[in-house]
Amino acid sequence: MPTAILAVLLGYVSPIVARIPALIAGAALEGIAGSVRWLGSLRIADVRVPTPATEIIVATAIALALAMLLARRRSLLAGAGLAALAVSAFWICVIPPHPRTRAGVLEFTAIDVGQGDSILLVSPQGHTLLVDAGGLPHWAHSELDIGEDVVSSYLWWRGISRLDVVALTHAHADHMGGIGAMLANFRPREFWLGVDSPSPELQELVREAKALGIPVVRHHEGDHLDVGGADVRILAPVAGFEGRISRPNDESLVMKITYGRTSALLEGDAERSTERRIALEDPQADLLKVGHHGSATSTIPELLAKVHPKFAVISVGMRNTYGHPRPEVLTRLQNSHVATYRTDLNGAITFYLDGQNVTPQLDPRPDPHR
Ligand SMILES: [Zn+2]
């Protein structure tokens, strides 16, 4: 401030002499702004942690109150207050809370992402697999990042800090939009894709995954793997179909996940032609994640007869512009005696597959907007 004032005053006398205090003021300003930028760019400046356990929240609040009370006391006491704060911060950052999951069951949760899909699967051994992460179309011109603001928040609330797998069914914004935030926030061990779509947004995501050191794994029909005690079978897409699929929805990665005698079929946005093919591949499942948000182009009677589900879930946005889910699809499900749940009406819906039975559970948190 003094050098800036001096520069202004000297400016009336001699602009050349005024340059000296002006340069000093400029350097000081650059130093202040630069140190803020430098601190902000450090990785430690943006640490994402899951919601801590209640006892840690209470302990941290006590440590904070203690540090404030002791701040003006003798240096030893003030130091003790600071140490208590440092210990609680370390505890929150380094020791992850126990995820709120059930052991020995396969969990399937349709997260409410509005119009789009995001399914969290937790295996009987606690492995986590996230299929899609919602997203808004470009024409929505919204600042909201469904991955960062909805799916990440939900997972942190569940005490989840790492994911084992993030899978993307296909390169459409309502499935892919939130994936970038999931890769950055949860550093999955693998990123699964089906078809290698030419979509520039998908190519960008693949670059991001590689930059973060996350292996990109492509899966095709016939792949069969074990994820933490759950059996995952890929039913679509067919290998070698890259670029030959006329409808992008039919590029969808379709998977059946089984634990014991219970199973779920995840269709992505698969439509008629894919459904006809997967109807021939033993798609029987207790729970059906309805294809393409309940659009009339999916859930064909042939597939429904083969899957023969007891439960179905439709991930769909309230008052969406597409008219999803279509009444004819709802009628088809009703006529087949399928108990159908919808994220637009029920919010997040969890199904527990214990190997024998499937138990649905609705989100207990009340939502004033519903
Ligand atoms: Zn979709």
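Starting from 1, each residue takes its place in the sequence as its number. As the structure lists them, so they are numbered: ligands from 1, and atoms in each ligand from 1. The analysis underlying the following values was restricted to heavy atoms, covering all of them including side chains, and did not include hydrogens, waters or symmetry mates.
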Checking only N/O/S atoms, does [X] have one that is under 2.8 Å from the Zn ion (ligand 1)?
X    : value
D117 : no
H293 : yes
H175 : yes

#### Entry: Side-chain donor or acceptor of R100 paired with backbone N/O of W157 under 3.5 Å
yes
### Summary
The atom of D174 among N, O or S that is nearest the Zn ion (ligand 1) is OD2
### Message
Please give the atom name: the N, O or S atom of D269 nearest to the Zn ion (ligand 1).
### Response
OD2
Side-chain donor-acceptor pair under 3.5 Å between [X] and [Y], yes or no?
X    : Y    : answer
H293 : D174 : yes
D132 : T169 : yes
H172 : D269 : no

## Note on the structure
side-chain contact (heavy atoms from CB on, under 4.5 Å) with P188: of L212, V166, V165, L129, only one passes, and it is V166
